[in-house]
Amino acid sequence: MKELIKRLVETYGPAGSEESIREVIMEEVRPYVDELHVDALGNLIALKRGGGKKLMLASHMDEIGVMVTSIDENGFLRFYGVGGISPFSLIGNRCYFANGTVGVFGMERLDAMKDLTMNKMFIDIGVDSREAALEKVKVGDVAAIKREFCDLGKRLVSKAMDDRIACAIQIEALKQVQNPAYDIYAVFTTQEEVGLRGARVAAYGITPDIGIAVDVTRTGDTPKCATMAVCLGKGPTVKVRDSSVLCTPAVRRHMEEVAKANDIPYQLEVLEAGGTDAGAIQLTKSGIPAGVMSIPCRYIHTASEMVDYDDVLNGVRFLVKLMETEYQG
Amino acid sequence: MLLRRLTEAFGPSGFEHEVRAILQEELEQYVSVWQRDALGNLIACKEAANGPRVMLAAHMDEVGLMVSHVDDAGLLHFHKVGGIDDRVLVSKPVFVGKERVPGVIGAKAIHLQKPEERTQVIPHRSLFIDIGAKSKDEALEKVKIGDYVVFATKYDEFGQGLAKGKAFDDRAGCVVLAEVLKEEFNFPLYGAFTVQEEIGLRGAGVAAYAIEPDMAIVIEGTTCNDVSGMDEHEYSTVLGGGPAITFMDTASIGNRAMIRELVRLAEENNIPYQFKGTVTGGNDAGRINVSRAGVPVVAISIPCRYIHSPVSVMSLADMENTIALIKLFLRSIEGGFRV
Amino acid sequence: MQTKEFLKQMVEATGVSGSECRVADFISRVYGEVCDDVRRDVLGNVIGFKKGSGEGKRPAIMLAGHMDEIGLMVTQIDDKGFLKFTQVGGVDQRTLVAQEVVVHGREDLVGVIGHKPPHLVPPEDRNKAIPMNELQIDLGLPVERVKELVRVGDVVTVKRSFVELGKDIVSCKAMDDRAAVAVIYECLQELRKLRHTADVYAVATTQEEVGLRGATVSTYGINPDIGIAIDVCHGAMPGVPEQDTAPMGKGPSIAFGANIHSKVFDQLVKLAKEYNIPYTLDPTPAGTGTDLWAMQVVRAGIPTALLSIPCRYMHTSVETVSMTDIKLSGRLLAYFIASVDAAFVEGLLCY
């Protein structure tokens, strides 16, 4: 599965520019599903028939990135963030565009580091004129952070673990599921990082009976960090809440029961900031019961997001069992 | 002239009646079916049997003020309607209520201020409108709590091909939409003049729900800061640079296929165009984009300097070029275009 | 049941946003006595249905008051058994110090939010509010017992009893917005005396305090011809400008502005005058910050109105309202419902 994770996290796909990652995922899931469909916002909807109620799964395939807003006469690119990206996390980093062009982040001279904002930074793609830059990049082009996958053994590090690790789990679960208890709409959503947009329209189109999002969550297990009772390596979480959703109590109970019945370790998660696709799914039409399984992840929205491989494997087991166990409501 | 009539019309968010009436009158002979809804959106329906359902949207409302309280001295205190910088309010004439009772927003004379006061912004809650009433009762004979207030700005043309006035955001867009609706196309076209954009993109979402479009173009008046003191990379748009196409803002990401087609058409037909260089702010496209099962959108904007103030400035050529570009795009859909 | 008694039992019940089950059960039971049908939707909204008279298509009016309250949620249990927590909805951290609370774990547990004794607080800190992340709940139990009874995600409410202050004023937690649920109850009782053609959907909504979520989906499900939200506004009190508040005991505050349909507003004012119901006006140019903000833009748009009950000390655990305001608001709503016919509803689309 590490091969799959490596392939997914290293594929380009910032919010709104998900074509490449969608192609990769499509190829991976095609043999294991009954139908594939792409909707108006680019969501990839993979249907695996098992009869009965509709279960919508959502893992978002977009990642954070930067968009070029202007190119100066010396070929430097100015940019803005796509999704919640901190200028501080960009210093010393590189990015790459859909066509493979690589750039490095630079910044203007500042009196104090705390004054750093995105519009005091630029991307240097190694050219010395606007004309030369325009041969590689246009205004409006979007770049992803460039950083390779790194296997530390027990722990995995890369950019875009948020939320490709969930895409990997969703793909793997589609491969492994034996007796789906639902018509499973496994959605690889778009534009989560800019406001849960893909999941919202996908849920409207599908109108599922239950929705489960798969995402990453923060942890409280690093030195002097915020209070949070989630640790790497203690299993996937069953979310109680974040700023986008108070998970439907019955779904949360159902998820806990499934985990307990199958001896899958899990943690309860209260995330004080941040949202997930479940927030959009739950408020669709006259309301959809919604829950979230999260993979604990350190350093979210940086180039080095870290997850625990056991959590990932347990996430796959958990998701398979959720696919195979009917929600009674 | 339609632009003059529309910019001088009285229409803060939630009180768009005058604008609605002018548009309906202007389009009387071109549009036979009008659709209305509970929020006050006005939708021109040009039905056709085949082809994609295309929605165009421009918002009718403008930023303004609302009378919140009349004090014993007969002065009017107010809330802001939409995003107005407190600093633009001082020393401006206004109209209160649809009867357009004239008033002024005054300030303490400079002579009476301490030096340090002059460096501070006067918050709008400390400002008031003087309508010349000597008491609360006298004021309440002319106005009432809840009356809307607009800037008393006359439309005028000046400089080289420029116009100044209030509410170009988005009455300029309304002009563009009205001109486009005067032509016939072979697919179903819905021109939505929306309400309540300035207070949270309220009208467009419900209009899109009713229309169920296959794609949408939002026509906006947008920020333009190509003035001295700004670095070029901080420009959002350039006055006279042609219609501005938005790749992304806080509310939506423009559909790539639609943007490619717009750029192709502009280049082939020598229409100047630009890309909006900032991603802050959001417009009706954001709501339409996530309506029902999703709608591909793009926003095309007319640059307006000094937006959301009593007097903004735009280029008439930018408006004409926006009309031309949108018409070309719609003609290209007639020939079969897929998002 | 008397409205005051209904209110008392409601505000003393638990129902933090997303965990409204207990208060919802109680409201369902009482609404059952005055409605033709009561159901619950996916987000837990309680929807009472009272059928109008007459055949054919009847107008549908939705009344929404939210039953959720602000509260706290356990984020961590430390090594000594103290609970760290976060807020659900907008809680003022300054109101929490030295408060008795109930932790809704596997069973209800009484706890105390303590603080450092003043003797030990350095002088420079005495003028600073204690941030929420430095507060903790003391259950007085050994850590093993705490871990058996409490889990991350459990909700916490302030322990508070309903109190009558004089003849008319009542105080407790959760008056925001169960006072509105009491208004709707008063209205439903009043409607038994009146003939109304409109169907009434009396909704006690959920999750208002975290983003108007219950109203969003219940409005979609009901798709009413008119939606009216009832919420609390700031009651007049010293230190707050008159224009930001409404007087207590002088009737409902009726809002107008873009979030409100002008014809529904006009009708409410007309009826208030006709029936001598005192009211105040609440000019609100943009968002009302209530369920109404969500209701108006559901589907293809809903004509809306807002009645507010003046409430002092909002989002503390001693929210204070006037029973007179509740009764007057309920009556006004009932007269409004009785006045609505198909022609009125049709007129709402004519701008």
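The figures that follow rest on heavy atoms only: side chains count, while hydrogens, waters and symmetry mates do not. Please read these numbers as outputs of a predicted model, since none were measured by experiment. By convention in this document, chain letters (A, B, ...) are assigned in the order of the sequence lines, proteins followed by strands, and residues within each chain are numbered from 1.
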Partner of C/I77 by side-chain contact (heavy atoms from CB on, under 4.5 Å), out of C/L139, C/I137, C/V146: C/V146
Distance (rounded to the nearest 0.5 Å) between C/K51 NZ and C/D36 CG: 7.5 Å
Residue selection (most heavy-atom pairs with chain A, distance under 4.5 Å) from C/V74, C/I222, C/V42: C/V42
Contact class of C/V88 relative to chain A, heavy atoms under 4.5 angstrom: both
Which atoms of A/P249 approach chain C - backbone, side chain, both or neither, heavy atom under 4.5 Å: side chain
Point-to-point distance, once rounded to the nearest 0.5 Å, from CZ of A/F188 to CG of A/L57: 8.5 Å
Part of A/I288 within contact of chain C (heavy atom distance under 4.5 Å): backbone
Residue pair A/L283, C/L43: steps toward the side-chain contact (heavy atoms from CB on, under 4.5 Å) verdict: CA-CA 9 Å; A/L283 299 189; C/L43 259 77; 3.8 Å; yes
Side chain C/D225, main chain C/A60, donor-acceptor under 3.5 Å: yes
Partner set under salt bridge (Lys or Arg N to Asp or Glu O under 4.0 Å) for C/R29, not counting sequence neighbours: none
Any side-chain heavy-atom pair of A/F318 and A/I169 under 4.5 Å: no
Between chain C and chain A, identify every pair of one donor and one acceptor N or O atom lying under 3.5 Å apart.
residue: C/T86; atom: OG1; partner: A/E272; partner atom: OE1; Å: 2.8
residue: C/Q87; atom: O; partner: A/R241; partner atom: NH1; Å: 2.7
residue: C/Q87; atom: O; partner: A/R241; partner atom: NH2; Å: 3.4
residue: C/R151; atom: NH1; partner: A/E256; partner atom: OE1; Å: 2.8
residue: C/R151; atom: NH2; partner: A/E256; partner atom: OE1; Å: 3.1
residue: C/R151; atom: NH2; partner: A/E256; partner atom: OE2; Å: 3.0
residue: C/R213; atom: NH2; partner: A/S243; partner atom: O; Å: 3.0
residue: C/R213; atom: NH2; partner: A/S244; partner atom: O; Å: 3.3

A/L268 side, atom CG; A/M255 side, atom CE - distance, nearest 0.5 Å: 10.5 Å
